[in-house]
Amino acid sequence: MTEVLAILRGIHGVWLREIMRATRDRGQLLGGVSRPLIWLMILGVGLNPYFRGEVFGEVKMVLPFNYLQFLFPAVIVLNIMYTSIQFAVSVIWDREFGFLREVLVSPMPRWAVLLGKVLGGATAATGHGTLVLILARFADITLTAPQVFAAIGYMFALSFALTCFGVVLAGKIRSFEGFGVFSNTLILPMYFASSSVFPLDPSLSLTQLSTSYPEWLLWLIRINPITYAVDALRGILIGFHQFPAMAGYALVAAGCAGFFLWALRSFGK
C-alpha cells in the first residue's frame with residue numbers, strides 16, 4: 001500500500017510539473033487562443049456564405065448546419081494536435097538537460113514517469129481544446145451539459161493518444177529544430193487530408209463522391225485516423241457523422257493503449 005501511494009505521489013508530481021510548465025509557456029498559450037480565433041473568424045466566417053444554400057444562383061451542398069458549425073469541431077482537434085505533439089519538445093528538453101535521466105534513475109517505475117508526463121501533456125491539450133469549446137455560441141452551437149462533459153472526456157482521450165504519439169516521435173528525433181520541422185510537416189497534411197475543412201456528403205456513394213473529388217484524396221481521407229477523430233467529435237457537438245459513429249471512439253481507444261506501449265518501449269533510451 002505504501003509503495004502504491006509513493007508511485008501515485010510520483011505520478012502527481014510529474015503531472016504537476018508538466019502543468020506548471022504548460023501554464024508558464026506564454027507562446028503556447030497565445031497559440032492556443034489565437035489559432036482557433038483565426039480559423040473560425042477568418043476562414044469560417046469567410047467561407048460560410050459559400051457552404052450552404054444558393055450563391056450567385058447556384059445551389060450548393062445543402063446540409064443541416066453552416067460552415068462555422070461544421071468547422072468548429074475540427075478546430076478543436078487542430079488545437080489539441082498542436083499542443084499534444086509539441087508537448088514532445090519537453091521530452092527532448094528534459095533529455096537534453098538531464099532532468100529525464102535523474103528521474104529515470106529514481107525508484108519510481110519508468111511507466112509511472114511516462115504516465116505522469118503524458119497525463120500532464122494530455123491535460124494541457126484538453127485545456128486548449130476547452131478554450132475553443134468556449135466559443136461554441138459564436139459558431140451558433142448550443143451545447144447541453146452532457147454534451148460538454150462527453151466532449152471534454154473524448155478530448156482528453158484523444159489528447160492522451162496524441163501525446164503518447166508525440167513521445168514516440170521525440171524518441172526518434174534528437175534535436176529541437178528537427179522536431180519542429182517534422183511535426184509541422186506531419187500535423188497539417190494529416191489535418192487537411194481528414195475532411196476537416198470540407199464535407200463529404202454521407203448520403204453519397206464512393207462512386208458519386210468520385211465525381212466531385214479525385215480518388216486519391218478520398219483514399220487519403222479514409223486511411224487517415226484524424227478523419228475519424230474529427231468525425232467522432234463532430235457527432236458529439238453537432239450530431240453529424242460522415243463515417244460510422246464508433247470508428248472514431250475505437251481508434252482513439254486503440255491509440256491510447258497502443259501509443260502508450262510504444263512510447264514506453266522508447267522512453268528514456
Side-chain angles (χ1 to χ4, degrees), residues 4 7-8 10-12 14-19 22 32 73-74 76-92 94 100 108-130 132-133 146-173 179 183 186-187 190-191 194 196 222-237 241 243-269:
V4 173
I7 291 175
L8 290 176
I11 293 173
H12 176 264
V14 176
W15 171 85
L16 185 61
R17 179 178 183 270
E18 299 303 323
I19 294 299
I76 293 178
V77 173
L78 179 65
N79 233 25
I80 289 174
M81 287 178 68
Y82 265 104
T83 308
S84 298
I85 301 297
Q86 290 298 324
F87 161 80
V89 172
S90 71
V91 177
I92 299 176
D94 288 344
L100 192 58
M108 190 172 173
R110 181 168 297 187
W111 65 265
V113 177
L114 176 62
L115 182 60
K117 290 188 72 67
V118 171
L119 287 175
T123 304
T126 304
H128 282 205
T130 306
V132 188
L133 204 61
Q147 281 180 297
V148 172
F149 289 124
I152 292 176
Y154 176 78
M155 287 190 294
F156 183 81
L158 177 61
S159 300
F160 188 93
L162 289 173
T163 303
C164 290
F165 180 60
V167 174
V168 171
L169 292 181
K172 307 293 183 181
I173 302 171
F179 182 84
S183 63
L186 179 72
I187 291 174
M190 289 187 69
Y191 181 74
S194 66
S196 55
R222 290 181 181 276
I223 66 169
N224 186 354
I226 301 300
T227 298
Y228 304 96
V230 173
D231 189 68
L233 186 59
R234 190 175 283 132
I236 294 172
L237 297 180
H241 289 283
F243 301 93
M246 292 304 297
Y249 303 125
L251 278 173
V252 168
C256 287
F259 284 134
F260 183 80
L261 293 175
W262 190 2
L264 187 59
R265 287 187 59 187
S266 60
F267 188 63
K269 286 185 179 180

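Because the structure is a prediction, the values reported are computed rather than measured.
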Kindly say whether Ile226 contributes a backbone atom to a donor-acceptor pair with the side chain of Tyr191 at under 3.5 angstrom? no
When rounded to the nearest 0.5 angstrom, what is the spacing between CD1 in Ile76 and CE in Met81? 14.0 Å
Closest non-hydrogen contact found for Ala125 with Ile80 is O-CG1, 3.7 Å
Student check: side-chain heavy atoms of Tyr228 and Arg222 closer than 4.5 Å: yes
May I ask you to test the Leu115-Trp15 pair for a side-chain heavy-atom distance under 4.5 Å? no
So how far is it from Ile11 CD1 to Leu16 CG, rounded to the nearest 0.5 Å? 13.5 Å
Cut-off 3.5 Å, no hydrogens considered: what does the side-chain donor-acceptor table look like for residues 160-167, sequence neighbours left out?
| from | atom 1 | to | atom 2 | distance (Å) |
| --- | --- | --- | --- | --- |
| Thr163 | OG1 | Ser159 | O | 2.6 |

So, using side chain to side chain contact (heavy atoms under 4.5 Å, CB included) as the criterion, who are the partners of Val252 when residues are at least two apart? Tyr154, Ala157, Leu158, Cys256
Considering non-hydrogen atoms only, spot the tightest contact between Gly116 and Val14 and give its length. C-CG1, 3.6 Å
Ignoring hydrogens, what is the shortest heavy-atom contact between Phe87 and Lys117? Give both atom names and the distance. CZ-O, 3.0 Å
For Thr227, the side-chain hydrogen bond (donor to acceptor under 3.5 Å, both in side chains) test, sequence neighbours excluded, returns none
From Ile236 atom CD1 to Gln147 atom CD, the distance as rounded to the nearest 0.5 Å: 9.0 Å
On a heavy-atom basis, which atom in Ile19 and which in Ala124 lie closest, and how many Å separate them? CD1-N, 4.2 Å
Which pair of non-hydrogen atoms, one from His128 and one from Asn79, has the smallest distance, and what is that distance? O-ND2, 3.0 Å
Listed partners of Ile152 passing side chain to side chain contact (heavy atoms under 4.5 Å, CB included), at least two apart: Thr126, Thr130, Leu133, Val148, Met155
Can you confirm whether Leu261 sits close enough to Trp111 that some side-chain heavy atom of one is under 4.5 Å from a side-chain heavy atom of the other? no
I need the minimum non-hydrogen distance between Asp231 and Pro244, along with the two atoms involved. OD2-O, 4.4 Å
